[in-house]
Amino acid sequence: MTVQFEEVFRSENPTRDKFLSRLFGLFNEEVVRHWCRCPVVPYEDLGRPTLRTPGEVRGHTLDFTLRHRKTGKVFVAEMKCELEFENYRYLRLTGAWQLQHHRSTAFQKLLHLAKDPGAFETRVGGRKVGVDGAILIWGAVAPEGRSAVIAQYDFADVLSVEAMVNDLRRWKPAGWVETLGQLRRWSNELFDFLV
């Protein structure tokens, strides 16, 4: 059964929604990692990329480096999964305007990389990698939001955490099921202690 994020993260109780959004934020990158481990998906995750301009010592580290399984093309990817933030304003991507509040240097580098893949030296695990573009990963994505963001920012793809979660719920890969069991046990241990 496909579930929309609004069904889980948007209710009549904003305090509950804020709590669930923050809790999900503790491990939401694991959704992408486990999804990329499934051989049927188009991308595999190579690790966290660091982007540097010439002469820059530290650079900026983003969330994922995704390689397309069929083409071999490599993309730097950043995830934005703001479910309850600003009264659910960014829960579902509906337009390019939703990216405007992301002003960090790291995100600006991602936007620059989408238009000019050779703009930065990119390293993953200390190794230099060639990059073919950028991918945005958003909590939930409407078709018109995906089209608008690709058209305005030249992203190679826009992926949805919601769609990934639904895939993982359907496929139930062993590593994902194990990770969820562990997170549930740890959470229960904490709440059992607090009681």
Student: State the OG1-CG distance between Thr122 and Leu113, to the nearest 0.5 angstrom.
Tutor: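 Nearest 0.5 Å value for the OG1-CG distance: 5.5 Å.
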Student: For the atom pair CD1 (Ile137) and CD (Glu29), what is the distance rounded to the nearest 0.5 Å?
Tutor: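 The distance works out to 9.0 Å.
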Student: Can you pull out every ring-ring contact (aromatic ring centres under 6.0 Å, His included) where at least one residue sits in residues 38-68? Sequence neighbours excluded, please.
Tutor: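 Found Tyr43-His68.
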Student: Kindly work out whether a path of hydrophobic side-chain contacts (I/L/V/M/F/W/Y, heavy atoms less than 4.5 Å apart) joins Phe27 to Val177.
Tutor: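 In one cluster with Phe27: Val177, no.
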Student: With a 4.5 Å cut-off on side-chain heavy atoms, are Leu99 and Tyr90 touching?
Tutor: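 The answer is no, as the side chains (C-beta and beyond) never meet within the 4.5 Å cut-off.
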Student: Between Tyr153 and Phe155, how do the two ring planes meet: parallel, tilted or perpendicular, split at 30° and 60°?
Tutor: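 Judged by the thresholds at 30° and 60°, the geometry between Tyr153 and Phe155 is tilted.
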Student: Is there a side-chain contact between Val41 and Arg69 (heavy atoms, below 4.5 Å)?
Tutor: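 In contact.
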Student: Please report the C-alpha distance between Thr2 and Asn166 in whole Å, then the side-chain angles of each, then the deciding distance to 0.1 Å, and finally whether the side-chain hydrogen bond (donor to acceptor under 3.5 Å, both in side chains) criterion is met.
Tutor: CA-CA 6 Å; Thr2 300; Asn166 280 306; 4.7 Å; no
Student: Roughly how far, to the nearest 0.5 Å, is CE of Met1 from CZ of Arg170?
Tutor: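 One gets 12.5 Å once the value is rounded to the nearest 0.5 Å.
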Student: Does Arg37, at its CZ atom, have more than 12 non-hydrogen atoms belonging to other residues, nucleotides or ligands within less than 6.0 Å?
Tutor: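 Yes, enclosed.
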Student: Using the ring of each side chain (for Trp, its six-membered ring), is Phe24 parallel, tilted or perpendicular to Phe5, with breaks at 30° and 60°?
Tutor: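 It falls in the perpendicular class, over 60°.
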Student: Show the nearest heavy-atom pair for residues Ser160 and Ala140, with the distance to one decimal.
Tutor: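 Where Ser160 meets Ala140 most closely, the heavy atoms are OG-CA, 3.9 Å.
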Student: Taking C-beta and beyond as the side chain, do Phe75 and Val131 meet within less than 4.5 Å on heavy atoms?
Tutor: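 When only atoms from C-beta onward are counted, Val131 and Phe75 do not touch, as no gap falls below 4.5 Å.
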Student: Quick one: ring-ring contact (aromatic ring centres under 6.0 Å, His included) pairs with a partner in residues 114-149, sequence neighbours left out?
Tutor: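 As it turns out, the ring-ring contact (aromatic ring centres under 6.0 Å, His included) pairs with a partner in residues 114-149, which skip direct neighbours, are His112-Phe120.
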Student: Could you go through the side-chain hydrogen bond (donor to acceptor under 3.5 Å, both in side chains) check for Glu178 and His34 one step at a time?
Tutor: CA-CA 11 Å; Glu178 183 180 320; His34 281 276; over 6 Å; no
Student: Apply side chain to side chain contact (heavy atoms under 4.5 Å, CB included) to residues Gln100 and His102 and explain how you reach the verdict.
Tutor: CA-CA 5 Å; Gln100 293 172 2; His102 292 289; over 6 Å; no
Student: Looking only at heavy atoms, what is the nearest atom pair of Ala156 and Ile135, with distance?
Tutor: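 Between these two residues, the closest heavy atoms are CB-CG1, 4.4 Å.
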Student: Quick one: closest heavy-atom pair of Cys81 and Gly139, and the distance?
Tutor: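 Shortest heavy-atom contact: SG-CA, 3.7 Å.
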Student: Looking at every non-hydrogen atom in both residues, tell me the closest pair between Leu62 and Val76 and how far apart they are.
Tutor: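 Heavy-atom minimum between the residues: CD1-CG1, 3.4 Å.
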Student: Would you say CD of Gln182 has more than 12 non-hydrogen atoms from neighbouring residues, nucleotides or ligands within 6.0 angstrom?
Tutor: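 Enclosed: over 12 neighbouring heavy atoms sit under 6.0 Å from CD of Gln182.
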Student: Please tell me whether Leu83 and Val158 are part of a single hydrophobic cluster in this structure, the criterion being side-chain heavy atoms less than 4.5 Å apart.
Tutor: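 No, no single cluster joins them.
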Student: Charged N to carboxylate O below 4.0 Å: is that the case for Glu56 and Arg58?
Tutor: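 So Glu56 does not pair with Arg58 through a salt bridge.
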Student: Can you tell if the side chain of Thr65 reaches within under 4.5 Å of the side chain of Val74, non-hydrogen atoms only?
Tutor: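 SC-SC contact between Thr65 and Val74 confirmed.
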Student: Output the distance between atom CG (Leu26) and atom CG (Leu183), rounded to the nearest 0.5 Å.
Tutor: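 So the gap between those two atoms works out to 9.0 Å.
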Student: Once side-chain hydrogen bond (donor to acceptor under 3.5 Å, both in side chains) is applied, what residue pairs with a partner in residues 183-195 remain, sequence neighbours excluded?
Tutor: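 The answer is none; no pair qualifies.
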Student: Shortest non-hydrogen contact from Gln152 to Ala96?
Tutor: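 That would be OE1-CB, 3.2 Å.
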Student: Should Leu20 and Tyr88 be counted in the same cluster of Ile, Leu, Val, Met, Phe, Trp and Tyr side chains packed under 4.5 Å apart?
Tutor: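 Looking at the clustering, Tyr88 is in the same group as Leu20.
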Student: Determine, using the 4.5 Å side-chain heavy-atom cutoff (strictly less than), whether Trp97 and Val141 are members of one ILVMFWY cluster.
Tutor: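 Yes.
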Student: Does Asp63 reach the side chain of Arg48, with side-chain heavy atoms less than 4.5 Å apart?
Tutor: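 Yes - at least one pair of side-chain heavy atoms lies under 4.5 Å apart.
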Student: Can you tell me how far apart CG (Asp132) and CG (Leu66) are? Round to the nearest 0.5 Å.
Tutor: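 That separation rounds to 12.0 Å.
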Student: Are the side chains of Arg67 and Lys73 in touch, meaning some heavy atoms are under 4.5 Å apart?
Tutor: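 Not in contact.
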Student: I'd like to know if the side chain of Lys109 and the backbone of Leu51 have a donor-acceptor N/O pair within less than 3.5 Å.
Tutor: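 Present.
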Student: For Arg89, does its backbone N or O pair with a side-chain atom of Asn87 as donor and acceptor, under 3.5 Å?
Tutor: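 Here the side-chain-to-backbone pair does not exist.
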Student: At their closest point, which heavy atom of Val32 faces which heavy atom of Met79, and how far apart are they?
Tutor: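 Looking at all heavy atoms of both residues, the shortest contact is CG2-SD, 3.8 Å.
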Student: Are Val3 and Val165 packed together at the side-chain level, in the sense that at least one heavy-atom pair is separated by less than 4.5 angstrom?
Tutor: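 Heavy-atom side-chain distance check fails, nothing below 4.5 Å.
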Student: Hey, does Trp171 have a side-chain heavy atom less than 4.5 Å from the side chain of Cys38?
Tutor: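 Yes, close enough: below the 4.5 Å cut-off.
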Student: Same cluster or not: Val31 versus Phe9, using hydrophobic residues (I, L, V, M, F, W, Y) connected whenever any side-chain heavy atoms lie under 4.5 Å apart?
Tutor: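 Cluster IDs for Val31 and Phe9 match.
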Student: Asp45: which residues meet the side-chain hydrogen bond (donor to acceptor under 3.5 Å, both in side chains) condition with it, sequence neighbours left out?
Tutor: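 Here no residue qualifies.
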Student: Would Val161 and Trp35 count as a side chain to side chain contact (heavy atoms under 4.5 Å, CB included) if you check the C-alpha gap in whole Å, the side-chain angles of each, and the deciding distance to 0.1 Å?
Tutor: CA-CA 9 Å; Val161 178; Trp35 184 78; over 6 Å; no
Student: So, applying side-chain hydrogen bond (donor to acceptor under 3.5 Å, both in side chains) with His101, which one of Glu86, Lys80, Glu82 is it?
Tutor: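 For His101, the side-chain hydrogen bond (donor to acceptor under 3.5 Å, both in side chains) test succeeds with only one of Glu86, Lys80, Glu82, which is Glu82.
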Student: Which residues pass the side chain to side chain contact (heavy atoms under 4.5 Å, CB included) test with Gln108, not counting sequence neighbours?
Tutor: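 Per chain and number, Gln108 pairs via side chain to side chain contact (heavy atoms under 4.5 Å, CB included) with Leu111.
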Student: Salt bridge check: are Glu84 and Arg10 linked by an N-O gap of less than 4.0 Å?
Tutor: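 So Glu84 does not pair with Arg10 through a salt bridge.
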Student: Please walk me through it: do Leu159 and Met164 pass side chain to side chain contact (heavy atoms under 4.5 Å, CB included)?
Tutor: CA-CA 8 Å; Leu159 303 175; Met164 293 175 189; 3.8 Å; yes
Student: Tell me whether Gln98 contacts the main-chain N or O of Arg92 through its side chain, where contact means a donor paired with an acceptor under 3.5 Å.
Tutor: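 Such a contact is found between Gln98 side chain and Arg92 backbone.
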Student: Salt bridge check: are Glu144 and Arg146 linked by an N-O gap of less than 4.0 Å?
Tutor: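 Looking at Glu144 and Arg146, the cut-off is not met.
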Student: Nearest 0.5 Å, what's the CD-CG distance between Glu162 and Leu91?
Tutor: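 Answer for the CD-CG pair, Glu162 versus Leu91, is 8.0 Å.
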Student: If the condition is side chain to side chain contact (heavy atoms under 4.5 Å, CB included), which residues does Thr50 pass it with, not counting sequence neighbours?
Tutor: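 Partners of Thr50 under the side chain to side chain contact (heavy atoms under 4.5 Å, CB included) test: Arg52, Thr61.
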